[in-house]
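All remarks here apply to the structure that follows.
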Amino acid sequence: VQTCALPISAQPDSKKEPPVPEPSDEMPPGMDTTPPEPVPAQTPRPAVDAYNHGMELLNSQQVDAAIESFSKAIALRPEWPNPRLDRGRAYQRKGNYQAAIADFDKVLQLRPQNAFAHTYRGQCYVRLKDDNRALDNFNSAIALKPDAAMALCGRAGIRMRRNNISGAINDFNEAIHVSPKYEPAYV
């Protein structure tokens, strides 16, 4: 069993908060990167093309162009959650957390069992310093997908801030166990 050792600087100190890993919307190597849902039947080809182009743009850090491309896909097939999920990720990268949350909310209206949307929305709430909502989202993601390393690390970060160091270590260790290549788990 691999373990996660916290550096001395991460030990609780009454004068300062422990460091918390920064949330990342990047899929770690070795994790499931397949879209959460297949392309629905009868989706217009231009919607699929716009989505695929948006993914290429997002992966090449052309965030504004990706948002535009995902928006085209959404306009053509509004009930398909993938373009909205990835547009939310693009907004998240830009720091537009409210727009990202709105997209993740819509994904969860369409597909309540989408663990990725819960995880990304939780990361946005971390950035907005709303730990209670972030924790609710990470817990939901973990309940849906127990091997959700990003959600486990997000929850660990909140636990560290709340000085629940043993809970944080347990989450980091579980993230390492389920996804050994996920670097944020190695605090």
Side-chain angles (χ1 to χ4, degrees), residues 21-130 133-134 136-145 147-155 157 175 178-179 181-185:
E22 290 294 318
S24 168
D25 75 328
E26 297 297 317
M27 287 287 190
M31 282 188 66
D32 177 17
T33 57
T34 57
E37 185 147 319
V39 178
Q42 301 177 351
T43 297
R45 185 77 216 165
V48 175
D49 291 343
Y51 173 71
N52 290 336
H53 185 61
M55 289 303 297
E56 291 171 8
L57 293 165
L58 186 61
N59 291 332
S60 65
Q61 307 306 318
Q62 298 176 57
V63 179
D64 289 326
I67 290 169
E68 189 175 312
S69 195
F70 292 136
S71 295
K72 288 177 188 172
I74 292 165
L76 293 166
R77 188 69 175 192
E79 69 280 4
W80 182 24
N82 297 25
R84 200 172 298 275
L85 178 77
D86 290 311
R87 186 177 72 177
R89 289 177 55 221
Y91 281 132
Q92 184 179 5
R93 285 189 191 177
K94 282 188 62 130
N96 189 343
Y97 303 117
Q98 295 298 341
I101 289 169
D103 272 348
F104 301 140
D105 286 347
K106 183 63 177 178
V107 170
L108 290 166
Q109 286 175 2
L110 295 167
R111 302 294 185 276
Q113 304 300 309
N114 189 307
F116 293 107
H118 284 289
T119 299
Y120 296 138
R121 189 169 67 177
Q123 291 173 338
C124 290
Y125 283 124
V126 166
R127 296 292 191 169
L128 295 171
K129 302 199 182 310
D130 188 340
R133 284 186 174 166
D136 287 345
N137 277 274
F138 293 139
N139 285 335
S140 293
I142 294 163
L144 293 167
K145 189 172 175 14
D147 63 346
M150 286 187 288
L152 286 161
C153 286
R155 185 171 74 181
V178 298
S179 187
K181 295 182 180 180
Y182 187 47
E183 293 179 13

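Remember, it's a predicted structure, so these values are computed and weren't measured experimentally.
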Problem set entry | For V126 against A134, the heavy-atom pair lying closest together | CG2-CB, 3.7 Å

Exercise. Residues two or more places apart in sequence or in another chain: which of them pass side-chain hydrogen bond (donor to acceptor under 3.5 Å, both in side chains) with D105?
Worked result: R121

Seminar exercise, completed: When every non-hydrogen atom of V48 is compared with those of T43, the smallest separation belongs to CG2-CG2, 3.8 Å

For this session: Determine, for R89 against D86, whether the closest basic-nitrogen to carboxylate-oxygen distance falls under 4.0 angstrom.
Result: yes

Problem set entry | Value rounded to 0.5 Å, distance of CG in N137 from SG in C124 | 9.5 Å

Exercise. Got a second to check how far R155's CZ is from N139's CG, nearest 0.5 Å?
Worked result: 5.0 Å

Problem set entry | Atom CZ of R133: over 12 foreign heavy atoms under 6.0 Å | no

Exercise. What distance separates Y120 OH from N114 CG, expressed to the nearest 0.5 Å?
Worked result: 9.0 Å

Seminar exercise, completed: Rounded to the nearest 0.5 angstrom, the CG-NZ distance for L108 and K106 is 11.5 Å

For this session: Considering non-hydrogen atoms only, spot the tightest contact between A90 and I67 and give its length.
Result: CB-CG1, 3.5 Å

Seminar exercise, completed: Those residues at least two apart in sequence (or on a different chain) that pass side-chain contact (heavy atoms from CB on, under 4.5 Å) with D136 are none

For this session: Could you list all the side-chain hydrogen bond (donor to acceptor under 3.5 Å, both in side chains) pairs where at least one residue sits in residues 65-75, not counting sequence neighbours?
Result: S71-R87

Problem set entry | Separation between CD of Q123 and CZ of F104, rounded to the nearest 0.5 Å | 8.0 Å

Seminar exercise, completed: Between V107 and P81, the two heavy atoms sitting closest are CG2-O, 3.7 Å

For this session: Would you list the pairs meeting ring pair (Phe, Tyr, Trp, His ring centres under 6.0 Å) in which at least one residue belongs to residues 80-101, sequence neighbours left out?
Result: Y51-W80

For this session: Could you grab the distance from atom CG of L110 to atom CD of Q113, nearest 0.5 Å is fine?
Result: 13.0 Å

Problem set entry | Which residues share a side-chain contact (heavy atoms from CB on, under 4.5 Å) with P112, sequence neighbours left out | none

Seminar exercise, completed: When every non-hydrogen atom of Q92 is compared with those of A100, the smallest separation belongs to N-CB, 3.8 Å

Exercise. Would a 4.5 Å heavy-atom cut-off, applied to side chains only, mark L85 and D103 as touching?
Worked result: no

Exercise. So, the side chain of S179 versus the backbone of A175: is there a donor-acceptor pair under 3.5 Å, distance only?
Worked result: no

For this session: Would you mind checking if E183 and K181 are paired as a salt bridge, meaning a charged N to carboxylate O distance below 4.0 Å?
Result: no

Exercise. Can you check whether F70 reaches R84 side chain to side chain, under 4.5 Å on heavy atoms?
Worked result: no

For this session: Please list all pairs passing the salt bridge (Lys or Arg N to Asp or Glu O under 4.0 Å) test where one or both residues lie in residues 49-61, with sequence neighbours left out.
Result: R45-D49

For this session: Identify the two heavy atoms, one from T119 and one from A141, that lie closest to each other, and give their separation to 0.1 Å.
Result: OG1-CB, 3.2 Å

Exercise. Does the side chain of L128 reach to within under 4.5 Å of the side chain of I101, using non-hydrogen atoms?
Worked result: yes

Problem set entry | Contact check, side chains of P40 and R77, non-hydrogen atoms, under 4.5 Å | yes

